[in-house]
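Hydrogens, waters and symmetry mates play no part in the numbers below; they use all other heavy atoms, side chains included. A, B, ... follow the sequence lines: proteins, then strands. Residue 1 opens every chain.
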Number of protein chains: 2
Amino acid sequence: MRLRSAPLRGSKQKIFHAAIRLFRAKGFSATSMRDLAAACGMEASSIYNHYSSKEEVLQNILFERATEFFAQLDPILRMDLPAPMLLRMAVDRHVRVVTSDVDASMVFVQEWRHLTEPHLDHFISLRHQYRDYFIEILQKGIRTGLFRPINEKFAAVGLLSTLNALHEWYRPDGPLSISEIARQLSDQLLFGFMSTREDDLGPVMNTEEWNNSGNLESVNRNT
Amino acid sequence: MRLRSAPLRGSKQKIFHAAIRLFRAKGFSATSMRDLAAACGMEASSIYNHYSSKEEVLQNILFERATEFFAQLDPILRMDLPAPMLLRMAVDRHVRVVTSDVDASMVFVQEWRHLTEPHLDHFISLRHQYRDYFIEILQKGIRTGLFRPINEKFAAVGLLSTLNALHEWYRPDGPLSISEIARQLSDQLLFGFMSTREDDLGPVMNTEEWNNSGNLESVNRNT
DNA sequence: CCTACCGATCGGTAGG
DNA sequence: CCTACCGATCGGTAGG
């Protein structure tokens, strides 16, 4: 039984993983079915025994990742713990999913816009749903007074930006363990850079005011 | 004089801006020279009077943006101000460059990997140089005791991740002004989410420990 | 700036 | 899983 279905499932998995590598390296559009086939040691037409189109390969990669992110975050949300602890755990889970397949995570972040409808809409709604999980954590923190009264949507987007960039700089052979990365990311998000709460540097002068003071050339110049 | 050179420079600018819009919407690889020409109301071959290749169009977009980021950040670095203030100003400048052309900023962040050598190496070194500016600010903050003794490289990467994602969610007609966005981003980076310095929730339990305690299924399961 | 065109390559299908 | 092939389209050039 295992031997019988092995070749087919093996090939499909081979295509799946080769696609992740190629889509990451060259992008979805620049990767041809012939590139993908060559990476699997077969002809382009043979791929169509496993996937009906190039986009279907992308869909499989993207929604498999989405499923994994949700599977890991979901149990966290049901725990009745203080918001900072929830955030730490959610970040930890997210970091573990990303680092479990950096190539796939990069495709997840970068290539989803090549989906066509209705898959594109579906994907976007999943991303919003995931973001809403983090918004809930932030709201809970604000409600219980543990978090500052920040704009929780703004904060959630900033938070996810940081998490979603992990695939760009994570190296498995780097000096930090996955747990340490998650811990440091959480610390940075929870506490920021400042060593004290005050920022008593007088009124902040933004660029507009600074420009109006004549110190620098205009920002919105044309080249 | 203005009339004489106007048609040529006008066309080149037209191609330039159409390319920004198309590369943002479809990606560099999925945009054809015929797409680009059609958007400019000309034939594909006519583009080659202004640019020698598709990649050259991309190069122009990317390095123009890079120049703009540096032009805005450079004067900040020379100011002898406290690190938190430098950071606020640098973030403010960065936000202004991004919001001055959201499409071009998206191409800047997403499409640079389609450069070929030697342009790719050049671009990457410029990005590292830009990141090093922020590392310097962080180091200064740590040295003067205003910032916590964070890992400055780690922090700079997280910081830039947040800044580089701005193009994804910024809308010119949104409720926040550009100055307010810069201010809120700085606040988030400087102070984090917590309303107090302590995080007295007992020892943090990471996912590994939580799993070992038997509460949840394994994270690194295979699908 | 255009017409006309090049060889190469694209995603995908037919049929076995 | 392959051979053989489809029409469409690609980036780019010649020549005016």
Query raised in the report: For A38(B), what residues pass the side-chain contact (heavy atoms from CB on, under 4.5 Å) criterion, not counting sequence neighbours?
Result: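 For A38(B), no residue satisfies side-chain contact (heavy atoms from CB on, under 4.5 Å) once neighbours in sequence are set aside.
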
Requested in this report: Can you sort out the partners of A104(B) under side-chain contact (heavy atoms from CB on, under 4.5 Å), two or more places apart, ordered by chain and number?
Outcome: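 Applying side-chain contact (heavy atoms from CB on, under 4.5 Å) to A104(B) gives I20(B), R65(B), D101(B).
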
Do [X] and [Y] have their ring centres less than 6.0 Å from each other?
| X | Y | result |
| --- | --- | --- |
| F69(A) | F108(A) | yes |
| F63(B) | H122(B) | yes |
| Y130(B) | H94(B) | yes |

Query raised in the report: With a 4.0 Å cut-off, would you call E111(B) and R113(A) a salt bridge?
Result: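 Salt bridge between E111(B) and R113(A), a charged N being under 4.0 Å from a carboxylate O: yes.
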
Taking salt bridge (Lys or Arg N to Asp or Glu O under 4.0 Å) as the test, write out the residues that go with [X], two or more places apart.
| X | result |
| --- | --- |
| R78(A) | D74(A) |
| K54(A) | none |
| E152(B) | none |
| D121(A) | none |

Report summary line: Base-pair string, DNA chain C, Watson-Crick plus G-U, cut-off 3.5 Å on both distances, | for inter-strand, is ||||||||||||||||

Figure out the [atom1]/[atom2] separation between [X] and [N], and round it to whole Å.
| X | N | atom1 | atom2 | answer |
| --- | --- | --- | --- | --- |
| Y48(A) | dC2(D) | OH | P | 14 Å |
| M42(B) | dG12(D) | CE | P | 16 Å |
| I47(B) | dC1(C) | CD1 | P | 10 Å |

Report task. Could you pick out which residue, M33(A) or G41(B), lies toward the 5' side of DNA chain C when each is mapped onto its nearest nucleotide? Result -> G41(B)

Report task. Under 4.0 Å between any heavy atoms, over every strand shown, what does T31(B) touch: base, sugar-phosphate, or nothing? Just pick one. Result -> sugar-phosphate

Report task. Among residues two or more places apart or on two chains, list those pairs meeting ring pair (Phe, Tyr, Trp, His ring centres under 6.0 Å) that have a residue in residues 167-188 of chain A. Result -> W169(A)-F154(B)

Requested in this report: On the 0 to 90° scale, with breaks at 30° and 60°, tag the W112(B)-F123(B) ring pair as parallel, tilted or perpendicular.
Outcome: parallel

Query raised in the report: Where along residues 112-122 of chain B does a heavy atom come under 4.0 Å from DNA chain D, residue by residue in number order?
Result: none

Query raised in the report: Contacts to DNA chain D from residues 51-63 of chain A, heavy-atom cutoff under 4.0 Å, which residues?
Result: none

Query - Pairwise side chain to side chain donor-acceptor pair (under 3.5 Å) hits with a residue in residues 20-33 of chain B, at least two apart - result: R24(B)-D103(B), K26(B)-D35(B), S29(B)-H114(B), S32(B)-D35(B)

Query raised in the report: Where along nucleotides 3-9 of chain C does protein come under 4.0 Å, by heavy atom, of base (B) or sugar-phosphate alone (S), with - for untouched nucleotides?
Result: B------

